Amino acid sequence: MPELPEVELTRRKLLPLISGERITAFHSAWPRNIIGASRIAMARELPGRAIRSVERRGKVLLVDLSGAPARQFAVHLCMSGRLAVEPAGSVRSPWARAWWTLGNGTELRFIDPRKFGRIWYGDPARLLAHAYLSSLGPDARTIGREAFIRRVAGRRAGIKALLLRQDTIAGIGNILADESLWRARIHPRAIAASLSAKTLGRLHRALLATIAASLRAGGSSLRDWAGPDGARGGFREHHRVYGRAGSHCPRCRCVLKRMIVAGRGTTACSRCQRNR
DNA sequence: ATAGTAGCCTGGCGGC
DNA sequence: TGCCGCCAGGCTACTA
Ligand SMILES: [Zn+2]
């Protein structure tokens, strides 16, 4: 499941493979996931433009293109998406939803079995004005302790619901949320306003540590996600709670429980993560 | 401001 | 063995 670490790893591996390369063709096999333009406009406007940069905002990759008028595209991998760079003549995955043929004989392919991923395209300013992109909060990987506390302190929502909202902090998904809350010993349903600054500081620290550990391990590959080169991540082996309901808590040996919080499957330890 | 739910989509799973 | 129905998951749109 691509969250911040998987998207960041995708960006890092993508950079040397595609930056500076010229697009020679674009195709979409699932135009419904394109926002802001038609696939016809994309196929007409993209050829001839070079890839200038690949940035990340939360879980979104933002690609800046050369040429006039200015154009960018953005990709959200959602749950099952990944970006692959493969030889242009090779057989495409049956789940390839869009592909950019590049001048160096390779092809950037958006592979997304569940079709939940999205592609935004258009003028840079208009692109960032789209509801999702314009509302993104500060990035989870770089947010400072004070800014983190300011974003959540005093709010009456449950802490996990707040963490998952991309307008609170950008980049957190179900894995990072459950793992960070476990590390910080906070119940997923705890009301944010009931948590002290010290406790929120612990959560901030836990979040950054979880992100760093996931990056180091190459991200979490559950079913579909892999890097542009096909390499899968090993962070799943390091999960303390996510996907481990029924197993023992690594800290207190209690049985981890599964529940629904903010509409998402959630695993937590009822002894370490008390809701007071 | 916050919570809840339906819908999107399909591979994989459990049940039979 | 094969078929069927259900579910997960991030996000949007909607209601309360
Ligand atoms: Zn525990």
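Here the structure is a predicted model, which means the values were calculated and not measured. Quick note: numbers below take in every heavy atom, side chains included, and nothing from hydrogens, waters or symmetry partners. Just so we're on the same page: letters track the sequence lines, and every chain starts at 1.
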Just to verify, what does [X] make a ring pair (Phe, Tyr, Trp, His ring centres under 6.0 Å) with, not counting sequence neighbours?
X      : answer
A:Y132 : A:H76, A:W120
A:H187 : none
A:W225 : none
A:Y121 : none

Next item on the list: For each nucleotide in nucleotides 2-8 of chain B, reading 5' to 3', give B when a protein heavy atom comes within less than 4.0 Å of its base, S when such contact involves only the sugar-phosphate, and - otherwise.
Entry: SS----B
Next item on the list: Kindly confirm or rule out a cation-pi arrangement of A:R251 over A:W182, judged by NZ or CZ under 6.0 Å from the six-membered ring centre and within 45° of its axis?
Entry: yes
Item checked: All side chain to side chain contact (heavy atoms under 4.5 Å, CB included) counterparts of A:T106, not counting sequence neighbours ->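 Scan of A:T106 (side chain to side chain contact (heavy atoms under 4.5 Å, CB included), adjacent residues dropped) gives A:V85, A:L102, A:N104.
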Margin query: Using a strict heavy-atom distance below 4.0 Å, which residues from residues 232-245 of chain A are in contact with DNA chain B?
Written below: none
Notebook entry, point to check: So which pairs with a foot in residues 143-171 of chain A pass ring pair (Phe, Tyr, Trp, His ring centres under 6.0 Å), sequence neighbours left out?
Noted result: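 Passing the test, one end in residues 143-171 of chain A: A:F148-A:H204.
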Item checked: Partner residues of A:R56 under the salt bridge (Lys or Arg N to Asp or Glu O under 4.0 Å) criterion, sequence neighbours left out -> A:E8, A:D139
Note to self: Applying salt bridge (Lys or Arg N to Asp or Glu O under 4.0 Å), can you list everything that pairs with A:R216, at least two apart in sequence or on another chain?
What the structure shows: none
Checklist line | Leading and trailing nucleotides of DNA chain C with any atom under 4.0 Å from heavy atoms of chain A | finding: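 For DNA chain C, the relevant span reads C:dA8 to C:dT12.
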Note to self: Among residues at least two apart in sequence or on other chains, which ones pass side-chain hydrogen bond (donor to acceptor under 3.5 Å, both in side chains) with A:R205?
What the structure shows: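 A:R205: no side-chain hydrogen bond (donor to acceptor under 3.5 Å, both in side chains) contacts found.
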